[in-house]
Structure formats: C-alpha cells, structure tokens
Amino acid sequence: MFDLTGKTALVTGATQGIGFEIAKQLSAHGAKVFVGGCSSMEKCARAAGQIENATPLLADLTAADCAEALFAKTGEVDILVLNASIQYKEAWDAFSAEQYDDMMNCNLRASYLLIKKYADGMKKRGFGRIVTLGSVNQYNQHPELSLYGVTKMAQLKMVKNFAPALAPFGVTINNVAPGAIETPRNEGVMNDPAKKAAVEGMIPCGRFGTPEDVAPAVLLLCSPEGSYMTGSEIVIDGGLSLK
C-alpha cells in the first residue's frame, strides 16, 4: 500500500517539524522528494541528508515570482505538499503592514501560485496530488493568531473551490489541519510547564501531537489509495477544535 515509486514530490517547509516528517514518509514509500526551506541552503541540505532520495531546495515563498523560481528548479512534480507558513502572534489590531503581507503572501498567495503552476502538468499526465497544511486556528479564536487563522481558512476555501475543476483530470487536492504539535514553532509553550499544561488541558486527548501523528494522513492523500478523496479536510488535533 501507499506505493509512490516513480513519483516526484515537492514539500515546502520541510527542513523540520511536520514538513520534515512528511518528506521522510513520502521518501520511505518510494517518492523522490524536494525538501524545501527558506532560511538557508545549509539547513535544507542538512534535512535532505537525513532523507533517502531527497534534494534540498531554497525558496522565498513571500516573493512574487516564487512559483516560477521553484518550478525552474524542480520541473514537473506529481505531488505538491504546501506545508510552509509564516506565523506572527499579535492582538488583532496590532499586526504591522509587513506582518500582514508576509502571512498573506506566504500562506495564501504562494499556495495559489504554486497550485496553479504545478497543476497544469498534473492534469496533462492524468495524475496529481496536492495537499495543503491548515491549522486548528481555522476554527479556534486564538487571541494572538487571528490573521494566521484567516490565511488558513482562506486556503481551505481554495482547496474546496479548486477540487471540482481538477478532479476530472485525476488530480486531487485536500487539506490537513494539525492542532498543537510538538514542533520548533511551539517550543516556547512546550518548555514552559504552566503554559504546556494549560494547552494540554484544552485538548480532549490530553497531549500535544507529534509530526508522526500528522504525516500518515498526508501520505494517504498523496497515494493511489487516496484517489477518491478530494476537496476534503482531515483535522488532526486531538479534539482541540471541538472545545
């Protein structure tokens, strides 16, 4: 099951956390993987060096030409996993124009441009898998993540709107929405016993999730076994969005 032999995947934000685990899972099931990152080629290379059949890739997803720049390096891919995002924490009325632009450009505009760029080749080949990574903050009213939640809910709407247009060509597009996951982004909370306990107290499952909790769902959606799922969302949050 989940045989991706001969397929090529691009995973953005894959140098650590959830993205790294997704890239590792896709590779373990036969895919050639481009490991995308934005901070340094050294970090990309270090992550790719831990994954079989992986190629490091540096790209700025806030740039207007991000899709063209990435495509020039990867060529056509069969699987596109849009995991990279920017997150700023502020009160709803305290975000700067630059913070707003960064989140909208990386989390939303780049998703649109990359989907549009890579979908054409997928349609011509009659096979394609696109997975966006959302967030529990699409649903929860976090006092400091309002704009981040907006970008993720808007991304989900893109998924649902694009799915009917892509499905006749054998291309699926779905969203996976993680909750509180043990990643570098959440280290500040996890390293503070009081804050960690407070968050875990809101999660029905009683714990933070791990990247290993999330990646298998992405693997399913990228595989032949996921061919009848499109325009869907898998929420992996231990029940946090139900509170």
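- Each ring pair (Phe, Tyr, Trp, His ring centres under 6.0 Å) pair with one or both residues in residues 5-35, not counting sequence neighbours, would appear here, but there are none.
- Between Ser96 and Tyr88, the side chains place no donor N or O within less than 3.5 Å of an acceptor N or O (distance only, hydrogens not considered).
- Cluster partners of Met153 are Tyr139, Leu156, Val235, counting Ile, Leu, Val, Met, Phe, Trp and Tyr whose side-chain heavy atoms approach within less than 4.5 Å, directly or via other members.
- Closest of all the heavy-atom pairs between Phe95 and Ser146 is CE1-OG, 3.6 Å.
- Here the shortest heavy-atom pairing between Gly128 and Met122 reads CA-SD, 3.7 Å.
- Take Ala194 and apply the side-chain contact (heavy atoms from CB on, under 4.5 Å) test, not counting sequence neighbours, and it matches Asp192.
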Side-chain donor/acceptor pairs under 3.5 Å, residues 201-217, sequence neighbours excluded:
residue	atom	partner	partner atom	Å
Arg207	NH1	Asp213	OD2	3.1
Arg207	NH2	Asp213	OD2	3.4
Thr210	OG1	Glu212	N	3.3
Thr210	OG1	Glu212	OE1	3.3
Thr210	OG1	Asp213	N	3.3
Thr210	OG1	Asp213	OD2	3.2
Asp213	OD2	Thr210	N	2.8

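- The shortest distance between side-chain heavy atoms of Thr8 and Thr74 does not fall below 4.5 Å.
- In this structure, Ile234 is not a member of the same hydrophobic cluster as Ile173, with clusters built from ILVMFWY side-chain heavy atoms closer than 4.5 Å.
- Sorted by first and then second residue, the side-chain hydrogen bond (donor to acceptor under 3.5 Å, both in side chains) pairs involving residues 153-169 (not counting sequence neighbours) are Ser111-Gln155.
- Taking 4.5 Å as the limit, every side-chain heavy atom of Leu133 sits out of range of all side-chain heavy atoms of Ser85.
- In this structure, the side chains of Pro178 and Ile18 come closer than 4.5 Å at one or more pairs of heavy atoms.
- Taking all atoms of both residues into account, the shortest heavy-atom contact from Ala84 to Gly13 is CB-N, 3.6 Å.
- Other members of a hydrophobic cluster containing Phe127 are absent, since no ILVMFWY side chain comes under 4.5 Å of it, directly or through relayed contacts.
- Tested against Val35 for a side chain to side chain contact (heavy atoms under 4.5 Å, CB included), the candidates Leu58, Leu10, Thr12, Ile51 yield a single pass: Ile51.
- Counting only residues at least two apart or in different chains, salt bridge (Lys or Arg N to Asp or Glu O under 4.0 Å) contacts with residues 90-101 are absent.
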| query | Between Ile236 and Val176, does a side chain to side chain contact (heavy atoms under 4.5 Å, CB included) hold up when you go through it step by step? | reply | CA-CA 7 Å; Ile236 307 173; Val176 172; 3.8 Å; yes
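- Counting only residues at least two apart or in different chains, salt bridge (Lys or Arg N to Asp or Glu O under 4.0 Å) contacts with residues 64-79 comprise Glu68-Lys117, Glu76-Arg125, Asp78-Arg125.
- When all heavy atoms are compared, the tightest approach of Ser135 to Tyr148 is OG-CE2, 3.6 Å.
- Rounding to the nearest 0.5 Å gives a distance of 10.0 Å between SG of Cys222 and CD1 of Ile130.
- Grouped by direct or indirect side-chain proximity (heavy atoms under 4.5 Å, Ile/Leu/Val/Met/Phe/Trp/Tyr only), Leu242 sits alone.
- Considering only heavy atoms from C-beta on, Leu166 stays 4.5 Å or farther from Thr172 through its side chain.
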| request: Apply side chain to side chain contact (heavy atoms under 4.5 Å, CB included) to Asn175 and Val131, showing your working. | output: CA-CA 6 Å; Asn175 189 66; Val131 180; over 6 Å; no
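- A heavy-atom distance below 4.5 Å is found between the side chains of Met41 and Pro56.
- Pairs passing the salt bridge (Lys or Arg N to Asp or Glu O under 4.0 Å) check and including a residue from residues 42-59, sequence neighbours excluded, read Glu42-Arg46.
- Atom-to-atom distance recorded for Ile86:CD1 and Gln99:CD is 10.5 Å, nearest 0.5 angstrom.
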| message | side chain to side chain contact (heavy atoms under 4.5 Å, CB included) for Leu70 and Leu61? Distances and angles first, verdict last. | response | CA-CA 9 Å; Leu70 267 174; Leu61 296 186; 3.8 Å; yes
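- Listed by chain and residue number, Val136, Leu240, Ser241 satisfy the side-chain contact (heavy atoms from CB on, under 4.5 Å) test with Asn140 (two or more places apart in sequence, or in another chain).
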| request: Apply side chain to side chain contact (heavy atoms under 4.5 Å, CB included) to Arg129 and Leu80, showing your working. | output: CA-CA 6 Å; Arg129 298 287 184 267; Leu80 177 63; over 6 Å; no
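- Formation of a donor-acceptor pair under 3.5 Å by the Asn174 side chain with backbone atoms of Gly231 is found in this model.
- Identified under the salt bridge (Lys or Arg N to Asp or Glu O under 4.0 Å) test for residues 166-191, with sequence neighbours left out: none.
- Side-chain N or O atoms of Gln25 include none that pairs as donor or acceptor with a backbone N or O of Ile22 at under 3.5 Å.
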